Amino acid sequence: MCYYISMKLQIDEININGEGLSHFEGKKYCTCGVLPGEIIEGTIQKETGNFAEIKLNKIIEPSLKRVEPKCKWCESCGGCDFMFVNEDCALEIKKKTIQKYFENFYSGDVVTHYSPKTTRYRNKVSFVINGKKIGLTRKKSNEIIEINDCLVAKEEIIKVFKIVKSYIVKNENSTINHLVVRVIDDKISVVLVCKNTPKNLDFLANELKKAFEEKFGLFLNFNTSSAYILSENWKYVCGQKEIISTSLGVKFFAKPHSFMQINDGVRDKIYKRVLQEIDGGIVIEGYSGAGLLSAVMAKRAKQVYAVEINKTANLDAEKLKAENNLNNLINLNGDCATILPKLVNEFLDATFVIDPPRSGIDRKIIDAILTSNVKKIIYISCNPYTLKQNIYLLKDKFSITHFEIFDIFPQTFNIESLVIMRKISNHFE
Ligand SMILES: C[S@@+](CC[C@H](N)C(=O)[O-])C[C@H]1O[C@@H](n2cnc3c(N)ncnc32)[C@H](O)[C@@H]1O
């Protein structure tokens, strides 16, 4: 029985999941919440072959880079898994981890981009509600951690959180499951996700009005499923129906259902960096969401073809196009796996921009790119694991010229990558 064996280990490096790795007597040990160089004491939790998961008991020799987490719920909530490291060090560790993880595909410098804010940067947070309890959940659990603040959320989000907390405490609540708050500039959208219409909504609307005057909108989303937070079943209650703002010269509209990047400052940095790679030619964009990046690119490109599967996001993108008079932007609603292969075969020398979900891009798209005339790929990825799988399939025809990472979620180990790949020229073709 090797379970419960306590051992002393030195942390050698951080792996792509943000866990510390130790190599000892031919085995690999993996521990959460540690830094390279630290000596720790832990207990083996699970062991398979040459690999064991360690539960951290004690840090015997802490790293000098370790800092005291600023949030008192940090350990129980689990949302900010990298709050015990300062920003410079966190980004340096992310860079080294990426360099190692992609060493077979790229040996150049990995450029790092800071977040303009390391706290109060999140423009949207979903809180969990059960009766009179409201908060965030413990990592990999449904247990509610009752908080009074969340340091990564914008201040207005916390203000709404406190108003809704006092509303559910004063009113009998058996129907509300989530509160979803989004803030852009100083405008706020408040969504109560519920099974039925909650009681005394006028009271809540009045409290929100006292705090934010005309700058908020209140919505209900009816959802009985626990598989996802928001359903398609919306009811507008009062206030602003959408948030209107601008980014990089584009006027955009955020409705409560619209997908928007969580960190406005880093979103703009990523879009500006993509724009540097756009010339006056054709752009084919996959996974285009509500179309903000498409619109930014359309200001420079000759023509942008943007493909998005979600109908509502596609309608938002059409509105964005009309309001910004972008006649060179074509929004196509459908599956990238079907539409992108047709587009890449139609245009010579197109620049191909993709920002897929965590699952990465479909094999059909990769096969189409490999046989197409695409010369340059700009790949934005929120998941290094699927990014690596996709790069592996493209590596015989495309080489990486730039690898950049953006600290889109400070205080966590998440890494947003932007990779530029160019077709390897073959003189015999
Ligand atoms: C990471 S978001 C990118 C959004 C956008 N680029 C932005 O910055 O706001 C990924 C988008 O891909 C869309 N999507 C997921 N699978 C898709 C598919 N098979 N075909 C087309 N779009 C898809 C999702 O609906 C979502 O809007």
Side-chain angles (χ1 to χ4, degrees), residues 113 122-124 182 184 228-232 242-243 245-248 250-275 277-278 283-299 301 304-321 324 326 329-344 351-369 377-387 390 404 406 408-409 414-419:
H113 298 269
R122 272 192 85 104
N123 61 29
K124 184 178 165 190
R182 170 180 278 154
I184 293 181
Y228 42 85
I229 296 179
L230 294 174
S231 77
E232 303 272 294
E242 60 191 5
I243 295 175
S245 182
T246 54
S247 165
L248 307 178
V250 172
K251 184 177 175 193
F252 70 90
F253 310 84
K255 300 208 182 96
H257 62 254
S258 309
F259 173 87
M260 299 289 306
Q261 299 287 353
I262 291 287
N263 184 331
D264 315 318
V266 176
R267 175 200 66 209
D268 285 358
K269 280 192 173 192
I270 296 174
Y271 290 180
K272 269 189 200 161
R273 180 63 189 92
V274 172
L275 205 54
E277 298 294 325
I278 303 301
V283 174
I284 299 172
E285 185 196 6
Y287 311 93
S288 50
L292 185 51
L293 176 59
S294 328
V296 169
M297 293 191 292
K299 294 225 160 199
V304 176
Y305 293 87
V307 185
E308 167 58 45
I309 203 163
N310 182 289
K311 182 71 199 156
T312 331
N314 169 260
L315 291 173
D316 287 351
E318 279 294 274
K319 180 166 177 185
L320 204 88
K321 168 186 167 166
N324 289 281
L326 297 167
L329 171 58
I330 317 276
N331 290 310
L332 300 162
N333 183 214
D335 191 340
C336 282
T338 319
I339 300 177
L340 289 181
K342 289 182 196 149
L343 286 174
V344 291
T351 296
F352 192 63
V353 179
I354 30 174
D355 182 5
R358 290 192 68 75
S359 51
I361 55 176
D362 195 283
R363 181 69 204 237
K364 283 189 208 137
I365 300 170
I366 294 190
D367 290 342
I369 298 171
I377 303 171
I378 302 172
Y379 190 145
I380 304 166
S381 162
C382 57
N383 185 354
Y385 180 75
T386 50
L387 174 65
N390 293 163
E404 309 194 4
F406 292 80
I408 199 160
F409 295 117
N414 286 288
I415 301 174
E416 186 87 354
S417 308
L418 186 148
V419 175

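Just so it is clear, the model here is predicted, and its values are computed rather than measured. Start at 1 and go down the list; that is how both ligands and their atoms are numbered.
We find the CE-OH distance between Met297 and Tyr271 to be 9.0 Å, quoted to the nearest 0.5 Å. Note: Lys124 NZ to Arg182 CZ = 5.0 Å, rounded to the nearest 0.5 Å.
Checked by distance only, ligand 1 and Gln261 come closer than 3.5 Å through their nitrogen or oxygen atoms. For the pair Ile309 and ligand 1, the shortest N or O to N or O distance falls below 3.5 Å. For ligand 1, the polar-atom distance check finds no N/O of Phe259 at less than 3.5 Å from any of the ligand's N/O atoms. Taking distance alone, with nitrogen or oxygen atoms compared against 3.5 Å, Glu285 stays at or beyond that limit from ligand 1.
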Run Ser288 and Glu308 through side-chain hydrogen bond (donor to acceptor under 3.5 Å, both in side chains) and show every step you take.
CA-CA 5 Å; Ser288 50; Glu308 167 58 45; 4.7 Å; no
Side chain to side chain contact (heavy atoms under 4.5 Å, CB included) evaluation trace for Arg358 with Tyr385:
CA-CA 9 Å; Arg358 290 192 68 75; Tyr385 180 75; over 6 Å; no
With salt bridge (charged side-chain N to carboxylate O under 4.0 Å, His left out) as the criterion, how do Lys272 and Glu277 come out once you've worked through the C-alpha distance, each side chain's angles and the decisive distance to 0.1 Å?
CA-CA 9 Å; Lys272 269 189 200 161; Glu277 298 294 325; over 6 Å; no
Test side-chain hydrogen bond (donor to acceptor under 3.5 Å, both in side chains) applied to Glu318 and Asn331, step by step:
CA-CA 7 Å; Glu318 279 294 274; Asn331 290 310; 2.8 Å; yes
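Counting protein heavy atoms only, atom 1 (C) of ligand 1 is closest to Asp355 O, 3.5 Å. Nearest to atom 8 (O) of ligand 1 among the protein's heavy atoms is Tyr271 OH, 2.6 Å. Looking only at heavy atoms of the protein, atom 20 (N) of ligand 1 is closest to Cys336 N, 2.9 Å. Closest to atom 19 (N) of ligand 1, if we only count protein heavy atoms, is Asp335 OD1, 2.9 Å. Looking only at heavy atoms of the protein, atom 24 (C) of ligand 1 is closest to Glu308 OE2, 3.5 Å.
Contacts of Cys382 with ligand 1, taken as heavy-atom pairs under 4.0 Å, are absent altogether.
Taking 4.0 Å as the cut-off between side-chain N and carboxylate O, Arg363 and Asp367 count as a salt-bridged pair.
Look at Pro357 and you'll find a heavy atom under 4.0 Å from some atom of ligand 1.
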